[in-house]
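All figures in this text were calculated on a predicted structure; none of them were measured in a lab.
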Amino acid sequence: MLTWEPSELGRWLARPWVWVLIVAVFFSFPLVKSLNRELPDAPPGIDSRPADFLLPDNNGANIHTDQLRGRLLVVTELTLVNITERDRAFAGIRALRKRMRNLGHLVVYVVLCHGGTVAEVDQLLDERKARKPVNLFLMDEGHEQMDILRRTAGSASARFFLLDRHGRIRGAFDDRPSDIDALVDTAGLLANWEGADPPPD
């Protein structure tokens with residue numbers, strides 16, 4: 001009668017601790033790989049001065065940039081006098097919020113409104129169901145503050161600005177797909193890597 005004798009390898013594999021070791025080694029590979037990766041460069045603007053402005057919101061309260069510290073800010077403009085541009089701006093804000101929804105309340109969308117009244121802004125927010133905790137609508141009549149941001153960032157055509165937790169401009173972006181991709185990537189980097197967003201000296 002034939003009998004089966006377990007091999008030396010079989011006897012080793014029958015021991016539970018061997019499998020624990022195999023699993024541990026297998027799952028350690030991604031960790032080791034990630035530790036060996038070089039971190040990307042921090043986005044530009046890390047040495048710049050924080051943006052400093054005070055504007056009324058649609059409820060009449062004066063909002064200073066100091067009140068928004070600790071959040072990433074996406075600043076854009078909303079013209080009320082041009083319906084086509086107004087609708088384009090709203091669509092851009094919504095698309096961007098959808099792409100960055102995983103960052104939650106860390107990101108505040110600061111919309112600088114011009115070319116209309118507070119009553120028009122309120123009506124628009126009700127129509128578009130845009131009264132969200134992360135949406136902040138400020139009155140920037142004459143778009144002076146938007147012009148200052150463009151001059152500071154050196155981009156006359158920028159439609160979005162990304163400010164870090166300390167109020168520094170870390171990027172100016174158009175609404176082209178490649179620019180929006182760069183905005184989303186930069187926001188993710190600032191949100192998840194402390195070294196990219198250190199406090200000012």
Side-chain angles (χ1 to χ4, degrees), residues 43 45-46 48-82 85-101 103-156 158-175 180 183-184 186-188 190-191 196-200:
I46 198 168
S48 63
R49 295 182 62 183
D52 181 24
F53 57 84
L54 174 69
L55 293 172
D57 67 9
N58 58 300
N59 297 313
N62 287 323
I63 305 297
H64 192 273
T65 44
D66 283 345
Q67 298 170 246
L68 305 174
R69 298 292 188 258
R71 305 280 192 91
L72 300 180
L73 306 182
V74 173
V75 184
T76 188
E77 67 178 330
L78 178 68
T79 178
L80 299 167
V81 71
N82 185 317
E85 285 298 310
R86 182 198 69 187
D87 292 346
R88 177 187 177 190
F90 250 102
I93 295 165
R94 282 187 167 169
L96 193 54
R97 276 192 56 206
K98 185 175 181 180
R99 286 197 61 181
M100 298 206 298
R101 61 185 179 273
L103 298 180
H105 286 74
L106 178 60
V107 181
V108 173
Y109 301 84
V110 180
V111 185
L112 305 181
C113 307
H114 58 84
T117 65
V118 171
E120 289 176 292
V121 173
D122 280 335
Q123 181 180 352
L124 194 60
L125 298 186
D126 290 334
E127 290 174 355
R128 302 299 179 90
K129 296 181 175 58
R131 296 184 187 274
K132 309 288 184 185
V134 295
N135 289 345
L136 180 60
F137 291 84
L138 303 180
M139 304 305 296
D140 181 30
E141 277 309 314
H143 54 78
E144 288 93 351
Q145 187 55 54
M146 195 66 178
D147 289 344
I148 290 172
L149 289 172
R150 285 180 172 134
R151 286 197 301 271
T152 303
S155 177
R159 299 184 68 90
F160 297 96
F161 298 91
L162 179 62
L163 278 59
D164 64 21
R165 293 177 179 88
H166 310 286
R168 299 168 297 206
I169 300 175
R170 307 302 297 274
F173 308 89
D174 203 337
D175 58 358
I180 297 301
L183 194 166
V184 172
T186 305
L190 293 173
D197 190 13

Set of residues satisfying ring-ring contact (aromatic ring centres under 6.0 Å, His included) with respect to H114, sequence neighbours excluded: H143
Which atom of L190 lies closest to which atom of P43, heavy atoms considered: CD2-CG, 4.1 Å
Separation between CG of L55 and CD of Q145, rounded to the nearest 0.5 Å: 6.0 Å
Stepwise side chain to side chain contact (heavy atoms under 4.5 Å, CB included) check, V118 with M139: CA-CA 8 Å; V118 171; M139 304 305 296; 3.9 Å; yes
Student check: side-chain heavy atoms of L162 and I169 closer than 4.5 Å: no
Closest heavy-atom pair and its distance - D52, H64: OD1-NE2, 2.6 Å
Close side-chain approach of L125 and F137, heavy atoms under 4.5 Å: yes
Side-chain donor or acceptor of R159 paired with backbone N/O of T76 under 3.5 Å: no
Separation of D87 CG from T79 OG1 (nearest 0.5 Å): 11.0 Å
Pairs involving residues 130-139, ordered by first then second residue, that meet side chain to side chain donor-acceptor pair (under 3.5 Å) (sequence neighbours left out): D122-R131, D126-R131
With sequence neighbours excluded, residues passing side chain to side chain donor-acceptor pair (under 3.5 Å) with T117: E120
Validation row: V110, V108 side chains within 4.5 angstrom (heavy atoms): yes
Side chain to side chain, L124 and V121, heavy atoms closer than 4.5 Å: no
Test item: L112 and V75 side chains (from C-beta on) under 4.5 Å apart, heavy atoms: yes
Side-chain heavy atoms of F161 within contact of M146, under 4.5 Å: yes
Atom of L103, atom of A191 and distance for their closest heavy-atom approach: CD2-CB, 3.8 Å
Distance (rounded to the nearest 0.5 Å) between L73 CG and D164 CG: 8.5 Å
Residues which pass side chain to side chain donor-acceptor pair (under 3.5 Å) with R86, listed by chain and number, not counting sequence neighbours: none
CD1 on I93 to CZ on R88, rounded to 0.5 Å: 12.0 Å
Flag, side chain of N59 to backbone of A61, donor-acceptor distance under 3.5 Å: no
Exercise: identify the closest heavy-atom pair between M100 and A187: SD-CB, 3.6 Å
A51 backbone acceptor or donor facing T65 side chain under 3.5 Å: yes
Test item: R71 side-chain N/O and L68 main-chain N/O as donor-acceptor pair under 3.5 Å: no
Residues forming a side chain to side chain donor-acceptor pair (under 3.5 Å) with D174, sequence neighbours excluded: none
Pairs touching residues 139-155 that satisfy salt bridge (charged side-chain N to carboxylate O under 4.0 Å, His left out), sequence neighbours left out: E77-R150
Rounded distance (nearest 0.5 Å) linking atom CG of N58 with atom CG of L138: 8.5 Å
Check against side chain to side chain contact (heavy atoms under 4.5 Å, CB included), I46 and D197: CA-CA 7 Å; I46 198 168; D197 190 13; over 6 Å; no
Beyond-backbone contact of I63 with P56, side-chain heavy atoms, under 4.5 angstrom: no
L96 side, atom CG; I180 side, atom CD1 - distance, nearest 0.5 Å: 5.5 Å
Nearest heavy atoms of F90 and A130, plus distance in Å: CE2-CB, 3.7 Å
Min side-chain heavy-atom separation R165-L106 under 4.5 Å: yes
